[in-house]
Each structure stands twice: as structure tokens, then as C-alpha cells.
Amino acid sequence: MIPLFGVQRQTARLRAALDARIAAVLDHGGFVLGPEVAAFEARLAAYCGAGGAVGVGSGWSALHIALLAEDVGPGDAVFVPAFTFTATADAVVAVGATPVFVDVAPETLNMAPGALARALEAVRREGRLRPRHVIAVDLFGFPADYAGLAAVAAEGPEPLRLLSDAAQSFGGSRDGVRVGAMAPVTALSFYPTKPLGGLGDGGAILSDDEGLLSRYRSIRNCGRGPDGLQAEPAGPTARLDTLQAAVLLAKLDSFDAELARKREIAAFYSSALAGLADLPPPAAEAESAWALYTIRCAARDRVRAALAEAGVATAIYYAAPLPHHPAFRHLAPPAGALLVAEDAAARALSLPMHAELTDAEVETVCAAARAALS
Ligand SMILES: Cc1ncc(COP(=O)(O)O)c(C=O)c1O
């Protein structure tokens, strides 16, 4: 079976570099906040063009800590796209705030500025929640329309803060600006299948704001300040492990080459499948990090079965918009507000996308997908 992700192949390819990095940590023994954490944070911030980075335990923790650091809590509305991984909204619930689900744009499947404006207007009209934050997700690696969202967020009596959930888009860019420098605060995930994936959980928060960065450092460290005294009332233990930082340092060395290969594969898929399905947005607008190559097609189950028959693994991201999940059902907006998200959930299908695919495998995927979609 041609695998959807290439984690095991990549681990084998990078094995010597990973072994050396891991051995160095075993030797010095600084397993918590050891030197690799600060070294990785510095490289990450420099790569993204952000003022600083703070390594945390996961992408979920990155979102959670970013919201805690800005005192988002009960009574606050946080606008999130309706079509994303559940963690985006779950982190909002974890700080006691209320996620407000916003429809996505049909071309990119990222939060649509016009839909944000409508959702914001409805919350203001109702007057029950205080609009505080927008979390934009760069779905499947494609950067959201930060300029469009920021323009809506800036309108009205109390401007909203913008937080980028870039769990899937490390390495993406728009007009020469990399993910990590597109919003005032960016949350990353290093879950193994992400564009930059660890060998376990990990995440980071990026910002130019020194005050926020220092709050993130305290909060991730169960609330302790640099002097060891409790500085934050509610800090989880959510530091990036030294071992994961060491692994990520090794993986950063080959990141650009992998991204270039994924771009090549994406271009190949897009030309082979043109006209047969709705395809990911073209690179003219922004450069995706290609966390996934997701098409939208009719008769998805049949297409999926045909691909499986041809030895091609596929997956469905995501089978339901967030307000269709039991935990969020009570927060669903009125029927008709999330038509694009609902359509995407019914038709989305992700094909194998990783730098470890051989040319022959890419051709097999294209041939099988063309036959299944024709
Ligand atoms: C959009 C999005 N947000 C948040 C997360 C949460 O990241 P993690 O699994 O590292 O907690 C993920 C991925 O898993 C994600 O895809």
C-alpha cells in the first residue's frame, strides 16, 4: 500500500542524524528544558521570521497557552473555522471561552472573511458574549487569508486579536512572508505527521511580543516565573521535551528539500487531476506546506474503495464540521450558516503526500485517481 504519510521511511532515512542528536541528550542528561530546546526555539524563530519561539508539549497546548496568556476565558467568544481538527475549538473550551463556528471559503477551505464578518455581527447583536479572538487555521498547509481576516477583526468597537493555528502549515508562505510571521501569534504542532514532525508530541508558539513570549515560558512551566516563584495562576506542565527538540533540530536540516519535493508532487497531482475533482488552491496565491493533498469529489466512498484496490492509502479529513461533533453540538449556528464546511466534510479525500514518495508511486496514485474519478 502506498502510505498516506512517510514517517517511518523518513525516520529510516534520517536515522544516523537522529541517533546522534538523541545520543547527545542521553549523554548530557538535561531532559527537561535542556540546551536543545533553546537552540531549536532560536532556529524556529529565525526560520519563520518571528521575534521569538517557545517550545511547548503539543499543538493543542500551544493554542491553550496562547489563549491563557491573553486572559481569554468565560464570557469570551473565539471565532474558529467550522472545518478543522477538533483541537482548534477544544483549546477554546479548555480556557472556559465559547467557540463560534465560522464557514470556510470554497477555494481554500480556510476561514472566509465574509463569513467571519457575519458571525461577528451575530454575536455583537445577541450581546451575550464578548468577541475576543479569531483563530485562523491554515488547513492542509495552505495559509489563511490573514489580511482579509485582520481587516474584519479590526472593525468595530473592540478589535479582535488574531491567532494563527498553523499546526499544519509550518513552511508555508505568502508574498515572501513565512507562516509564523503572518499573525501576531502563531501556534505550531510537531505531531509526527505534520510538515515538521517529531517522534512524539510537540508544539511551539511564535510571536514578536516579548511580554507574551515570557508569559508563554511561565505558563508552560506550571506557571513559574524565571525566579522560580509562581507567576501565573493556572499553568499546565507543557514544555517541549529536550529529546523532541533534538529530533526536530535534526529534521529541520532536511526540511527545505522535503518541502521542495512535496511541491513537485503536488504540481504533478494537480496537473494529472485537473478537471476531475475540486483540487487544492494553486500556488499563485500562496505556497502551501502540503501537510495533506486533499481533493473534493463526488461518490467519495466509491473513489476511496477504487484507490484502496489499486494499493493507494487515502483518508478523510474531516468527516464532519466541528458543530456536528457531540461536544460542540449545542454551539451549532442556525442551519445554512456552514454550507461550505458541510459540503467539504461530505466530499474531502486526502491522497498520499510526503517527500518519501517515489516517482513511480506518484504515477501510480495519479493513474489510480484518474481512473477512479473519470
Ligand atoms: C489544525 C490543528 N490544530 C491543532 C492540532 C493539535 O495539535 P497536536 O496534535 O499537536 O495537539 C492539530 C493536529 O493534530 C491540527 O491539525
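Model, not experiment: these values are computed from the prediction. Positions are given from 1, in the same order as the sequence printed here. In each ligand, atom 1 is the first atom listed, and ligand 1 is the first ligand listed.
Atom CG of residue Leu338 and atom NE2 of residue His324 lie 7.0 Å apart, to the nearest 0.5 angstrom. Atom OG1 of Thr98 sits about 4.5 Å away from atom CG of Leu129, to the nearest 0.5 Å.
Using a 4.0 Å cutoff on heavy atoms, Val137 counts as a contact of ligand 1.
For ligand 1 and Ser58, the ligand atoms under 4.0 Å from any heavy atom of the residue are 10 (O), 11 (O).
Geometrically, ligand 1 and Ser189 share a nitrogen or oxygen pair separated by less than 3.5 Å. The shortest N or O to N or O distance between Trp60 and ligand 1 is below 3.5 Å. At least one N or O atom of Gly59 sits closer than 3.5 Å to an N or O atom of ligand 1.
Inspection of the Tyr47 and Asp256 side chains reveals an N or O donor paired with an N or O acceptor under 3.5 Å. Side-chain contact, Tyr318 with Thr84: no donor N or O sits under 3.5 Å from an acceptor N or O.
Heavy-atom minimum distance, Ile135 versus Pro81: O-CD, 3.1 Å.
Note on Arg13 versus Glu258: salt bridge recorded, some NZ/NE/NH1/NH2 to OD/OE distance being below 4.0 Å.
Scanning the protein for heavy atoms near atom 9 (O) of ligand 1, the closest one is Tyr191 CD1, 4.0 Å. Summary of contacts: the protein heavy atom closest to atom 3 (N) of ligand 1 is Asp165 OD2, 2.8 Å. Among all non-hydrogen protein atoms, the one lying nearest atom 12 (C) of ligand 1 is Phe85 CD2, 3.4 Å. Regarding atom 14 (O) of ligand 1, its nearest protein heavy-atom neighbour is Lys194 NZ, 3.2 Å.
No side-chain heavy atom of Pro195 sits under 4.5 Å from any side-chain heavy atom of Trp290.
At a heavy-atom distance under 4.0 Å, only side-chain atoms of Ala167, from C-beta outward, approach ligand 1.
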